[in-house]
S.K.: 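Sharing a structure below in structure tokens format, with a few things to ask.
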2 protein chains.
Amino acid sequence: MVSRADIIASSEPVLDKYGFSGTGMDSLIKAAEVSSRTLYKHVGGRASLIAGVLDARGERFFSSLPNGGVTELFAALADWVDTEGARGCFFLRALSEAGHDDPAIAQRVMAHKDELAEHIAQCVEHDLGKPDRLLGLQVLVLFEGATHAAVYRGKDALEAAGVAAAVLLQTACREAADLK
Amino acid sequence: MVSRADIIASSEPVLDKYGFSGTGMDSLIKAAEVSSRTLYKHVGGRASLIAGVLDARGERFFSSLPNGGVTELFAALADWVDTEGARGCFFLRALSEAGHDDPAIAQRVMAHKDELAEHIAQCVEHDLGKPDRLLGLQVLVLFEGATHAAVYRGKDALEAAGVAAAVLLQTACREAADLK
DNA sequence: ACAGATGTAAAACGGTCGTTGTACATTTCA
DNA sequence: TGAAATGTACAACGACCGTTTTACATCTGT
């Protein structure tokens with residue numbers, strides 16, 4: 001007995017590995033180990049399935065991020081890449097490959113990035129003791145850059161990003177002290 | 001009288017705007033303003049056309065980057081995004097969307113990123129007076145991050161990345177002075 | 001026991017896509 | 001002039017893809 005959640009869970013790694021446009025319904029049906037009839041009854045259709053996968057992925061991703069500072073943030077990203085592989089941002093890939101013909105996907109991607117920016121802002125505040133919009137954006141850029149540079153530079157990119165974030169944080173910290 | 005280069009030039013913006021899997025040959029034929037027969041005679045086929053577009057894009061991109069330091073580098077990226085738009089890295093998108101069934105594409109993407117890393121390393125050396133592998137990688141991550149964060153944060157991401165690179169450079173500079 | 005829900009396998013449908021074939025028009029130049 | 005080169009428009013091809021239909025099996029609960 002399969003559920004909608006089961007089908008979504010089995011679809012995610014296939015879409016991740018072979019891409020949204022590179023994955024046909026037959027692959028997702030085979031991965032779910034159900035008949036096409038059952039899959040369509042449970043998830044409605046391709047667009048709805050992809051939307052569900054994005055939701056599940058987002059939830060899983062954010063629950064993998066600890067509540068802490070930027071050091072813990074980049075450590076968690078390194079763990080994520082270790083277990084999931086480095087194929088760029090799943091959401092930005094969804095936007096490029098499927099966002100054109102489905103506005104629901106584009107909207108989910110934007111919401112995901114808003115949530116990511118918010119989480120990073122809290123990491124920065126955790127370390128700095130106060131909010132810092134510029135630093136938050138810089139760490140977001142480092143996070144995004146690490147995610148994509150890891151595709152071709154591997155773990156070195158993640159490590160460099162973490163160090164860079166620490167340097168930026170310390171600089172902001174010093175500047176705050178100088179202003180006192 | 002059209003040339004292979006003309007067809008490649010007219011194809012690039014279409015592939016960029018609608019994506020590799022979202023663009024059919026009919027769109028590229030229409031953009032080239034030739035018949036399908038002529039286009040195929042000139043470029044051979046879809047895979048060869050995309051490879052040619054990647055080559056042309058890479059040449060155009062690197063010739064838009066000035067010889068200078070990291071400040072000029074991020075200024076040039078801002079100009080590029082101003083005129084080209086922010087849709088993420090064209091090459092990484094090619095890798096995701098078409099790299100699976102065409103190893104020639106994957107190889108071109110890797111070569112492009114190697115060239116980018118090399119160019120950035122020279123920017124760092126220009127400012128610092130000596131090579132610095134970690135700083136080069138950090139600036140690469142910032143460059144990649146700015147490219148992708150600009151998709152959803154616009155020019156703010158580019159600006160933040162430029163400032164971050166300057167801070168990292170100055171820190172490295174100070175550390176070098178302390179060691180004397 | 002049997003109706004209803006839930007599943008399967010496999011064919012079929014309509015559409016799109018990359019590519020090629022056919023038939024015809026136009027320039028080029030020996 | 002007239003043949004070769006180069007172009008066009010457009011139909012057709014085979015393959016694939018998302019989805020639905022058909023026909024049949026297997027559990028579940030009163």
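What's counted below: heavy atoms across the whole structure, side chains too, no hydrogens, waters or symmetry copies. What you are looking at is a predicted structure, and each value in this text was computed from that prediction instead of being measured. Lettering follows sequence order; numbering is per chain, from 1.
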S.K.: Holding to side chain to side chain contact (heavy atoms under 4.5 Å, CB included), I want the full list of residues that pass it with A:E159, two or more places apart in sequence or in another chain.
M.R.: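 Side chain to side chain contact (heavy atoms under 4.5 Å, CB included) list for A:E159, sorted by chain: empty.
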
S.K.: Identify, with sequence neighbours excluded, every residue that meets side-chain hydrogen bond (donor to acceptor under 3.5 Å, both in side chains) alongside A:E72.
M.R.: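 Once residues adjacent in sequence are excluded, A:E72 has no partner under the side-chain hydrogen bond (donor to acceptor under 3.5 Å, both in side chains) criterion.
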
S.K.: Near A:Y18 OH, under 6.0 Å, is it more than 12 heavy atoms from other residues, nucleotides or ligands?
M.R.: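 Count not over threshold, so no.
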
S.K.: Using five base pairs at each end, measure the axis-to-axis angle across the helix from C:dA1-D:dT30 to C:dA30-D:dT1 and round it to 10 degrees.
M.R.: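 Inter-axis angle at the termini of the helix from C:dA1-D:dT30 to C:dA30-D:dT1: 10°.
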
S.K.: Kindly list each side-chain donor-acceptor pair under 3.5 angstrom involving residues 85-99 of chain A, sequence neighbours excluded, with atom names and distances?
M.R.:
unit_1, atom_1, unit_2, atom_2, d
A:R87, NE, A:D16, O, 3.4
A:R87, NH2, A:D16, OD2, 3.2
A:R87, NH2, A:E84, O, 2.9
A:R93, NH1, A:D16, OD1, 3.0
A:R93, NH1, A:R87, O, 3.4
A:R93, NH2, A:D16, O, 2.7
A:S96, OG, A:L92, O, 3.3
A:E97, OE1, A:F20, N, 2.9
A:E97, OE1, A:S21, N, 3.0
A:E97, OE1, A:S21, OG, 2.9

S.K.: Near DNA chain D, counting only heavy atoms under 4.0 Å, which residues of residues 3-19 of chain A show up?
M.R.: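 The answer is none.
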
S.K.: Identify the pairs formed between an N or O of the protein and an N or O of nucleotides 25-28 of chain C at a distance under 3.5 Å, and give each distance.
M.R.:
none

S.K.: Salt bridge (Lys or Arg N to Asp or Glu O under 4.0 Å) for A:R153 and B:D114? Distances and angles first, verdict last.
M.R.: CA-CA 9 Å; A:R153 285 288 122 115; B:D114 283 346; 2.6 Å; yes

S.K.: Taking only residues two or more places apart in sequence, or in another chain, which ones meet B:K155 in a salt bridge (charged side-chain N to carboxylate O under 4.0 Å, His left out)?
M.R.: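 If we apply the salt bridge (charged side-chain N to carboxylate O under 4.0 Å, His left out) test to B:K155, skipping adjacent residues, the hits are B:D82.
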
S.K.: Anything under 30° is parallel, anything over 60° is perpendicular, the rest tilted; go ahead and classify B:F61 against B:F143.
M.R.: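 Rings of B:F61 and B:F143: perpendicular, as their planes differ by over 60°.
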
S.K.: Can you run down the side chain to side chain donor-acceptor pair (under 3.5 Å) pairs that involve residues 23-36 of chain A, sequence neighbours left out, and say none if there aren't any?
M.R.: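 Listed once each, the pairs are A:S35-A:T38.
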
S.K.: Holding to side-chain hydrogen bond (donor to acceptor under 3.5 Å, both in side chains), I want the full list of residues that pass it with B:D156, two or more places apart in sequence or in another chain.
M.R.: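 Expected list: none.
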
S.K.: Suppose we screen for side-chain hydrogen bond (donor to acceptor under 3.5 Å, both in side chains). Which residues come up paired with B:Y152, at least two apart in sequence or across chains?
M.R.: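 Scan of B:Y152 (side-chain hydrogen bond (donor to acceptor under 3.5 Å, both in side chains), adjacent residues dropped) gives A:E144.
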
S.K.: If you draw a 6.0 Å radius around CZ in A:R60, do more than 12 non-hydrogen atoms from other residues or ligands fall strictly inside?
M.R.: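 Yes.
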
S.K.: Suppose we screen for side-chain hydrogen bond (donor to acceptor under 3.5 Å, both in side chains). Which residues come up paired with B:R46, at least two apart in sequence or across chains?
M.R.: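 Counting only residues at least two positions away or on another chain, B:R46 forms no side-chain hydrogen bond (donor to acceptor under 3.5 Å, both in side chains).
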
S.K.: Can you list, in residue-number order, the parts of residues 20-48 of chain A that come under 4.0 Å of DNA chain D, counting heavy atoms only?
M.R.: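 Only A:T23, A:G24, A:M25, A:S36, A:R37, A:Y40, A:G45, A:R46 qualify.
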
